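Below, read A as the first sequence line, B as the second, and so on, with proteins coming before strands; counting in each chain starts at 1. What you see is a predicted model; the values in this text were computed from it and never measured.
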Protein chains: 2
Amino acid sequence: MNLIRERGVAMKKKQTVTIYDVAREASVSMATVSRVVNHNHNVKPETEQKVLNVVKKLNYRPNDVARGLASKKTTTVGVIIPNVTNSYFAALARGIDDIAEMYQYNIILTNSDGDEKKEIKALNTLYSKQVDGIIFMGNDISDEVREELRNVRTPVVLAGSVDPKNEFPSVNIDYRKAIYAQFNKLFENGNDRIAFIADNLSRSINKDYRIRGYQDALKDAGVPFRKSLLIEATDVSYESGYKLQERLIKSGATAAIVSNDDVAAGIMNAMGDNRINVPEQFEVATSDNTQLTEMTRPTMSTITQPLYDIGAVSMRLLTKVMDNEEIENNNILLSFGLKKRESTKD
Amino acid sequence: MNLIRERGVAMKKKQTVTIYDVAREASVSMATVSRVVNHNHNVKPETEQKVLNVVKKLNYRPNDVARGLASKKTTTVGVIIPNVTNSYFAALARGIDDIAEMYQYNIILTNSDGDEKKEIKALNTLYSKQVDGIIFMGNDISDEVREELRNVRTPVVLAGSVDPKNEFPSVNIDYRKAIYAQFNKLFENGNDRIAFIADNLSRSINKDYRIRGYQDALKDAGVPFRKSLLIEATDVSYESGYKLQERLIKSGATAAIVSNDDVAAGIMNAMGDNRINVPEQFEVATSDNTQLTEMTRPTMSTITQPLYDIGAVSMRLLTKVMDNEEIENNNILLSFGLKKRESTKD
DNA sequence: CTGAAAGCGCTAACAA
DNA sequence: TTGTTAGCGCTTTCAG
């Protein structure tokens, strides 16, 4: 080993300079170097300066892996996302990364496609990598995932994803109230056959939240429930929305509440392509207020959600959990709104 | 230490089971456990089975951090992306992650906003984290970034980002030829005042590639170059496109080649809102073929790029570089096409 | 086919 | 304020 070090420039392999090298060169102990590198205050200014000089001279960069092993902290958090390509989740991811960066964390990003198997696999990998925390996105969590989440014993926060059992910290909007409000708008516009559309009606986020809001509204409005107005899309894509148009018309609906912007855009464009005017003949209200809502013609009325903030707040919450801080409220609901654009009458 | 382990269940701190525990329980050495966990063939089947049983019984999970320190491989690669929220880059990121997963790598994702300072900071962080490789996205690389990239001495591949000096491996399409082809289409449609729009005309990807293609075409078509037709957007957003519309009309252009789909959508919608018909009165051709091109009305004609593949191929290329494989071609150009939709006449 | 032992580069008591 | 010394959990020669 020493032989290798001595040979210096003659070495072929790239020479990594370690804390030991710095210590020797600065005539101090490794502990002291560690202290100055970690901005530990208990170091005499002169010593600190001396070390800093050597650090610069040798271009020393601490090895985070070694650090992680010794300190049991990796300063990285895992992020499970259904699909980066989905603008709703991408917006959250951006919020997460920004706050993570602010708190000196890095993000390991894994796409799950909302698939339970992949989610579990990702969780295991993240666990092996010793991440300090995990942000989980995926609308809701299956029992198997819940089990795994308990298992890994790593702080977890759900972002834009509900936990009906309130077992894990989460950041969301109140989906039930949001749909309730949206229904009423549409109802006031004269619609009493309002369809509700989501990609998976049996998922908790729909079954336990959105559809309940829908039914609350139905009840208060004195409108009977019609099962045929609950429509399931094959997935959260533009195409799946486009294909739904015919069925929607046949259902007798005159308006639709859609839980995803891409799907809503598909429905709207399909209406237009089939000479059904939006909003005159059919009103469409969507849910995510992604930028797409302003790009379509007509533009889309929507629930407004603070997407970026949902991500940002989740990450902030996670830092608190990781630091064992006292959490006053584990299930944060950010406020939503209703934005009227051109796809609804009022 | 032993004391602590002995206390077993009595311990408060969560007990992590290590390779040492497995070895003891299975009455073999750590080395043997390591071998079976890493699927090293030189292990007698019975021994392997015995170890595997204990692994399962104790629910042993290898610690990747310790592994990383010992083996100097972290099986994670860094990905620098301007913005996950940008659908062009998000599509590449998805391709990257899928192939990474296939090769057992994880991805550390960092948003740079295309900002040189952030790019350099990210590079340094990734270096500290000892990533095995880096995928860089950002259109092109400044001299400072180039310097840093050389410095870190970690395999790098550029995805959807040009390196005019061909110093680093990269995966792209031939932007010059693509713009050339697109110009000709528009020219054949009867336009001789065709604007070219990008967010930063002085960036290499525009200056050295796209604008050259534009000028090649100009020359072959015998059309004089007009500087006023080279238009810079403030950024790659829908709004910046929307705001450009007036200037575009004033420039005398009758068609535009736009280098970003969001910007193109903004321009198109602004035209529509100002009662200028696309494509009858103004033709718009865009560049990325993201899904947005099908969502706008009219739909957008575009260059088609294999976005997902650019990411996927980049990651595949990176695995080769990391494995020191012989690379036949360092600068991969994937094929592009031209897709006619409704925003151009032919 | 298996084991012993020396690290990987750093942090964190504990002393001094 | 600084140094000494154990490890952190695993891989990897090198023997046997």
Side-chain angles (χ1 to χ4, degrees), chain A residues 1-5 13-52 54-55 58-75 127-130 132, chain B residues 1-5 13-52 54-55 58-75 127-130 132:
Chain A
M1 188 63 225
N2 266 328
L3 220 174
I4 292 179
R5 288 220 183 279
K13 281 190 73 170
K14 75 179 159 192
Q15 195 61 50
T16 71
V17 3
T18 74
I19 199 172
Y20 175 78
D21 299 319
V22 177
R24 189 165 29 67
E25 187 79 10
S27 317
V28 296
S29 71
M30 289 164 58
T32 299
V33 177
S34 176
R35 287 188 188 102
V36 347
V37 169
N38 292 303
H39 305 104
N40 196 316
H41 21 276
N42 293 341
V43 180
K44 196 171 23 160
E46 299 103 83
T47 319
E48 177 170 15
Q49 197 49 58
K50 189 170 60 177
V51 172
L52 252 22
V54 177
V55 164
L58 265 41
N59 191 27
Y60 167 69
R61 323 279 201 103
N63 178 328
D64 275 351
V65 174
R67 235 180 205 171
L69 184 59
S71 70
K72 296 178 168 299
K73 283 192 187 322
T74 53
T75 64
Y127 179 58
S128 293
K129 293 251 155 135
Q130 313 293 123
D132 297 335
Chain B
M1 189 60 229
N2 266 330
L3 220 174
I4 294 180
R5 289 220 181 279
K13 281 189 72 171
K14 74 179 158 190
Q15 195 62 49
T16 71
V17 4
T18 74
I19 199 172
Y20 175 79
D21 299 318
V22 178
R24 189 164 31 67
E25 187 79 9
S27 315
V28 296
S29 71
M30 289 164 57
T32 299
V33 177
S34 176
R35 287 189 188 102
V36 348
V37 169
N38 293 302
H39 304 104
N40 195 316
H41 22 275
N42 294 341
V43 181
K44 198 173 19 163
E46 298 102 85
T47 319
E48 176 170 15
Q49 197 49 57
K50 188 169 60 177
V51 172
L52 252 22
V54 177
V55 163
L58 264 42
N59 190 26
Y60 166 70
R61 322 278 201 103
N63 179 327
D64 275 351
V65 175
R67 232 179 209 175
L69 184 58
S71 70
K72 297 181 169 298
K73 286 197 187 317
T74 54
T75 63
Y127 180 58
S128 294
K129 294 250 155 132
Q130 314 292 122
D132 297 336

| field | R67(B) side-chain proximity, nearest of dG9(C), dT11(C), dT11(D) | value | dT11(D)
| request: Might you work through the side-chain contact (heavy atoms from CB on, under 4.5 Å) test for T18(A) and D21(A), ending with a clear yes or no? | output: CA-CA 5 Å; T18(A) 74; D21(A) 299 319; 3.4 Å; yes
| request: Verify the contact: side-chain N or O of T16(A) to OP1 or OP2 of dG9(C), cut-off strictly under 4.0 Å; return yes or no. | output: yes
| query | Between dC10(D) atom P and N63(B) atom CG, what is the distance in whole Å? | reply | 6 Å
| Which listed nucleotide (dC8(D), dC10(D), dT11(C)) is nearest to the side chain of L69(A)? | dC8(D)
| query | Would you say dT2(D) has OP1 or OP2 under 4.0 Å from some side-chain N or O of S29(A)? | reply | no
| request: Establish, from distance only, whether the side-chain atoms of S27(B) and K50(B) form a donor-acceptor pair under 3.5 Å. | output: no
| request: Using only side-chain N and O atoms of Y60(A), determine if any of them is under 4.0 Å from OP1 or OP2 of dC10(C). | output: yes
| What is the distance from CZ of R61(A) to P of dC10(C), rounded to the nearest Å? | 13 Å
| request: Could you check which of dC10(D), dT11(D), dG9(C) has an atom nearest any side-chain atom of A66(A)? | output: dG9(C)
| Which atom pair, heavy atoms only, marks the closest approach of R35(A) to N42(A)? | CD-O, 4.3 Å
| remark: Closest of dC1(C), dT12(D), dT11(C) to the N38(A) side chain is dT11(C)
| note | Heavy-atom nearest nucleotide on DNA chain C taken for M30(B) and for S27(B); more 5' hit belongs to S27(B)
| request: Please report, rounded to the nearest Å, how far the P atom of dG9(D) is from the CG atom of D21(B). | output: 9 Å
| field | Whole-Å distance separating the NZ atom of K44(A) from the P atom of dT1(D) | value | 9 Å
| remark: Taken to the nearest whole Å, CD/Q49(A) to P/dT1(D) is 16 Å
| message | Regarding D64(B), tell me which of base, sugar-phosphate or nothing describes its non-hydrogen contacts under 4.0 Å with the strands shown. | response | nothing
| said: If only side-chain N and O atoms count, and only distance matters, is there a donor-acceptor pair under 3.5 Å linking K129(A) with T74(B)? | reply: no
| Euclidean distance, atom CZ of residue R35(A) to atom C1' of dA13(C) [Å, nearest integer] | 10 Å
| query | Looking for any heavy atom pair under 4.0 Å, which part of the strands does V28(A) touch: base, sugar-phosphate only, or nothing? | reply | sugar-phosphate
| query | Checking S71(B) side chain against R67(B) main chain: does a donor-acceptor pair fall under 3.5 Å? | reply | yes
| field | Protein-nucleotide distance (N42(B), atom CG; dG16(D), atom C1'), rounded to Å | value | 15 Å
| task | State, with a plain yes or no, whether a side-chain heavy atom of V17(A) is found less than 4.5 Å away from one of N59(A). | result | no
| field | Any S34(A) side-chain nitrogen or oxygen under 4.0 Å from OP1 or OP2 of dC10(C) | value | no
| message | Just N and O in the side chain of T47(A): are any of them under 4.0 Å from OP1 or OP2 of dT2(D)? | response | yes
| query | According to a strict under-4.0 Å criterion, is K72(A) in side-chain N/O contact with OP1 or OP2 of dG9(D)? | reply | yes
| Whole angstrom value for the distance that separates C1' of dA4(C) from CZ of R24(B) | 17 Å
| query | What nucleotide, of dG9(D), dG9(C), dT11(D), holds the atom closest to the side chain of A70(A)? | reply | dG9(C)
